[in-house]
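Working notes, structure below.
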Amino acid sequence: MKLLWKNLGCCGKVSTFQRFLPQIIAVIIKNSSLFVYGTTMGMPTILIPALSGNNQDESLSMDETGISWIASMSNLCVPLGCLLSGQVAQKIGRKRALQAVNVPFSVAFALFYFASKPWQILFGLSLTGTAGGIAESPGVSYSAEVSEPILRGGLTSSGTLFISMGILFSFIGGTFFHWRTLALINAVIPLVSTVLLMLIPETPYWLVSKNRMEEAQKSLAWLRGWTSTEQVEKEFQEIRKSIEVSAQEDSNRTWRSNLQLYMEGRFIKPFLLIALTFVTAYFGLTPVTAYAVEIFNLLQVPLSSYYATVLMGSLNLIATILCAIILRFFGKRLLAFIALSGVSLCFIITASYCFLNDIYFFSSSAAASTSSWIPMVALMGMGFFSYLVVFGLPWILMGEIYHNEIRDTATGLSAAIGYLIGFLASKTFQQMVSAVTLPGVFLFYSGVAVGGILALYFLLPETEGKSLAECCQHYSGGSKLDNRVCRNRGTDKENEHGV
C-alpha cells in the first residue's frame with residue numbers, strides 16, 4: 001500500500017482519469033467479497049439436480065421438501081446476518097467486516113465438500129446466508145462512501161456485476177466438475193478476497209466517525225487520485241462537518257429518540273420503496289435461477305440444460321455490465337421501466353409456450369414433443385432484463401437514500417427484508433406450481449413486474465447523479481428530487497449535513 005502511494009502519489013493537478021481510477025479500483029476489490037457471495041448463490045442451482053435422487057452415482061440425495069430447502073435456506077438465514085450487519089460495519093469498519101465474512105464462506109464450502117448427510121448441506125447454506133447478510137451493509141456503504149456522485153450509481157451497481165460473475169463461475173464449474181470439486185475450488189476464493197482487501201483504504205466517512213482524522217485524510221487522498229492531503233482538504237472538511245453534525249445530534253439522543261429515527265418518514269418511506277423493489281427483483285428471477293436446470297430439462301430446450309444455464313448466467317453478466325455503463329445516461333427510473341416491461345413480456349411468452357404444449361407440472365410427462373428455442377430465449381431474456389437494473393436497484397438505492405446516522409442499520413434492515421422476500425419467492429415456488437400450474441406461476445410473475453412499473457412510476461425519484469445530501473433531503477421534508485438525470489456532478493455539494 002505504501003509503495004503504491006509512493007509511486008502514484010502526486011501533488012500537482014489531478015486529471016479526471018487519475019481521480020476516478022482509485023475509486024474504481026477500490027470498489028472492484030471490495031466487490032471481490034460479493035463475487036464470493038455469488039459463488040454461494042450459484043451452488044443451489046448445481047446442488048438441486050445432483051441431490052434430487054435422479055443421479056444413481058450420488059450417495060447423498062434429498063426428497064422434494066429437502067430440495068425446496070436447498071433453494072431457499074440461504075435466503076432464510078441472510079436476514080439474521082443483515083440484522084447484525086450494520087452494527088458490525090459500524091464497530092470494526094466496512095473493510096474489516098468484509099474480510100471477516102470470508103471465514104464462514106470458506107467453512108461453508110468445506111462443509112459441502114465433506115458432506116455425507118443432508119443437514120450438512122443445509123447448515124453450509126445457512127452459513128453462506130448469514131455471512132452474506134453480514135456483508136450487505138459494509139458492501140453498500142463502502143461503495144457509497146468512497147465514490148463521487150458522478151460515479152456512485154455505476155460503482156454501486158457493479159456489486160450486482162460481481163455477484164453475477166460469482167454465480168456464473170459456479171454455473172460453469174458445475175458444468176465441468178463434480179459439485180464437491182466445485183465446492184473445494186470455491187473454498188479458496190474467499191482467502192484471495194481477504195488478501196486483496198488489504199490493498200484498499202477504509203472509507204473516510206467511517207474513519208472520521210471514529211475520530212481517526214489523519215487516516216481519513218490519507219484515505220480520501222488515496223481515493224481522489226493518490227494525491228496529497230492538501231488537495232482534498234475542502235472535501236475532507238465537508239465530510240468532517242457532516243459527521244460532526246450527525247454526532248452532535250446522536251449525543252443529544254436517548255435510546256427512545258434513537259428508536260424514533262426509525263419511526264420517521266426519512267426511514268419509513270425509503271424502506272418501503274426498497275422493499276417494493278425487492279419484490280419486483282425476487283418474485284421471478286430467484287426461483288427460476290435456482291430451478292434453472294430442472295426447468296430447462298422440463299421444457300426440452302435444444303441445448304444441454306447445464307449449458308443453457310451457463311448461457312443464461314453469461315447473459316445476466318452482460319446485462320449487469322451494460323447497466324453500469326448506461327445507468328448514468330438513462331437514469332434508474334427509465335431503465336427500471338424498460339427492464340420490468342421486458343421481464344413481464346418474457347414471462348408471458350414462457351407461460352404461453354407452457355400452456356400450448358401442456359407443460360403444467362414438474363412431474364408431468366406431457367412435455368413438448370420437440371425441442372424449441374422459444375422458452376429458452378424467453379427465460380434468458382427474463383434474466384437479462386432483470387439484471388439490467390431490476391435485480392440491482394434495491395442495492396443501489398440503499399447506498400443513496402438513507403441518512404448517514406441510520407445508513408448502516410437501515411441498510412441491514414432493508415437487506416433483511418429483501419432476503420425474506422427472496423426466501424418466500426424460492427420456498428413457495430413448488431407449492432405455487434402445484435396450486436396454479438407452471439404457466440400460472442409465470443403469469444403471476446409477469447403481473448408482479450407490471451405492478452412494479454405502476455408503483456415505481458409514482459414512488460421512485462431519479463437519484464442518478466444527485467448528491468447524497470439531495471437524496472436524503474428528499475425524504476426529510478427538504479427539497480424534492482426531480483426526475484431528471486444529472487450527469488455533470490463531480491463531487492458532493494458543500495454543507496452536506498445529514499449525509
Side-chain angles (χ1 to χ4, degrees), residues 1-10 14 16-38 85 88-103 105 131-132 134-163 165-166 189-210 212-229 231-232 235-236 239 324 395 399 407-408 411 468 491-492:
M1 175 75 124
K2 291 182 179 179
L3 181 59
L4 181 64
W5 187 296
K6 182 177 180 181
N7 290 338
L8 295 176
C10 66
V14 177
T16 300
F17 174 78
Q18 184 179 336
R19 191 175 86 242
F20 288 172
L21 182 60
Q23 298 173 56
I24 296 170
I25 290 174
V27 173
I28 287 175
I29 291 178
K30 180 273 297 183
N31 285 340
S32 65
S33 62
L34 297 181
F35 179 90
V36 175
Y37 187 36
S85 182
V88 172
Q90 186 59 31
K91 185 73 174 177
I92 67 175
R94 288 79 165 101
K95 187 175 81 167
R96 286 185 180 177
L98 293 171
Q99 290 175 310
V101 297
N102 283 323
V103 176
F105 280 138
I134 293 174
E136 294 296 349
S137 178
V140 173
S141 295
Y142 191 94
S143 296
E145 292 175 2
V146 304
S147 56
E148 299 174 69
I150 196 171
L151 295 177
R152 188 176 297 124
L155 291 182
T156 306
S157 66
S158 69
T160 307
L161 167 63
F162 277 76
I163 291 176
M165 291 170 62
I189 301 176
L191 306 179
V192 177
S193 172
T194 301
V195 174
L196 289 175
L197 285 164
M198 296 178 183
L199 303 177
I200 59 176
E202 182 55 80
T203 76
Y205 278 89
W206 184 82
L207 291 169
V208 169
S209 72
K210 298 302 179 182
R212 293 159 62 173
M213 300 302 177
E214 184 177 352
E215 292 176 69
Q217 286 179 301
K218 290 181 178 179
S219 170
L220 188 60
W222 194 99
L223 291 164
R224 296 301 181 259
W226 301 292
T227 186
S228 65
T229 55
Q231 290 205 348
V232 296
E235 185 179 359
F236 171 73
I239 294 172
W395 310 106
R407 185 177 297 138
D408 287 325
T411 297
L468 288 179
T491 57
D492 283 346

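The figures here come from the full heavy-atom set of this structure, side chains too, leaving out hydrogens, waters and symmetry mates. Given the structure is predicted, the values throughout are model-derived calculations rather than measurements.
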Less than 4.5 Å apart, any side-chain heavy atom of Val27 and any of Ser158?
-> yes

Kindly compute the distance separating OG (Ser33) from CD1 (Ile163), expressed to the nearest 0.5 Å.
-> 9.0 Å

In this structure, CD of Gln217 is separated from CG of Leu220 (nearest 0.5 Å) by 8.5 Å

Heavy-atom pair of closest approach, residues Gly225 and Pro22 = N-CG, 3.4 Å

For the residue pair Tyr142 and Pro201, what are the closest heavy atoms and their distance?
-> OH-O, 2.7 Å

After noting the C-alpha distance and the side-chain angles of Thr227 and Trp222, does the key distance pass the side chain to side chain contact (heavy atoms under 4.5 Å, CB included) rule?
-> CA-CA 6 Å; Thr227 186; Trp222 194 99; over 6 Å; no

Do you know which of Phe105, Phe35, Tyr37 makes side chain to side chain contact (heavy atoms under 4.5 Å, CB included) with Pro190?
-> Phe105

Are the side chains of Arg224 and Gln231 in touch, meaning some heavy atoms are under 4.5 Å apart?
-> no

Gap between atom CG of Leu98 and atom CG of Asn102 - 0.5 Å precision | 8.0 Å

Between the main-chain N or O of Leu151 and the side-chain N or O of Gln23, is there a donor-acceptor pair closer than 3.5 Å?
-> no

NZ/Lys95 to OG/Ser219 distance, rounded to the nearest 0.5 angstrom?
-> 9.0 Å

Can you tell me if Ser143 and Lys30 form a side-chain donor-acceptor pair at under 3.5 Å?
-> yes

Note, Arg94 side chain near Tyr205 side chain (heavy atom, < 4.5 Å) = no

Nearest atoms (heavy-atom pairs only) where Ala89 meets Ala97 | CA-CB, 4.4 Å

Side chains of Ile150 and Phe20 in contact at under 4.5 Å (non-hydrogen atoms) = yes

Between Ile25 and Trp226 the two heavy atoms that sit nearest each other are CD1-CH2, 3.8 Å

From CA spacing to verdict: side chain to side chain contact (heavy atoms under 4.5 Å, CB included), Val208, Phe236 | CA-CA 9 Å; Val208 169; Phe236 171 73; 3.8 Å; yes

Can you tell me how far the CG atom of Leu196 sits from the CG atom of Asn31, to the nearest 0.5 Å?
-> 11.5 Å

Decide side chain to side chain contact (heavy atoms under 4.5 Å, CB included) for Gln90 and Ser209; before the verdict, give the C-alpha distance in whole Å, the side-chain angles of both, and the deciding distance to 0.1 Å.
-> CA-CA 9 Å; Gln90 186 59 31; Ser209 72; 3.9 Å; yes

Might you confirm whether atom NZ of Lys210 has over 12 heavy atoms from other residues, nucleotides or ligands at distances under 6.0 Å?
-> yes

Would you give the length of the straight line joining atom CD of Glu202 to atom CG of Leu223, rounded to the nearest 0.5 angstrom?
-> 10.0 Å

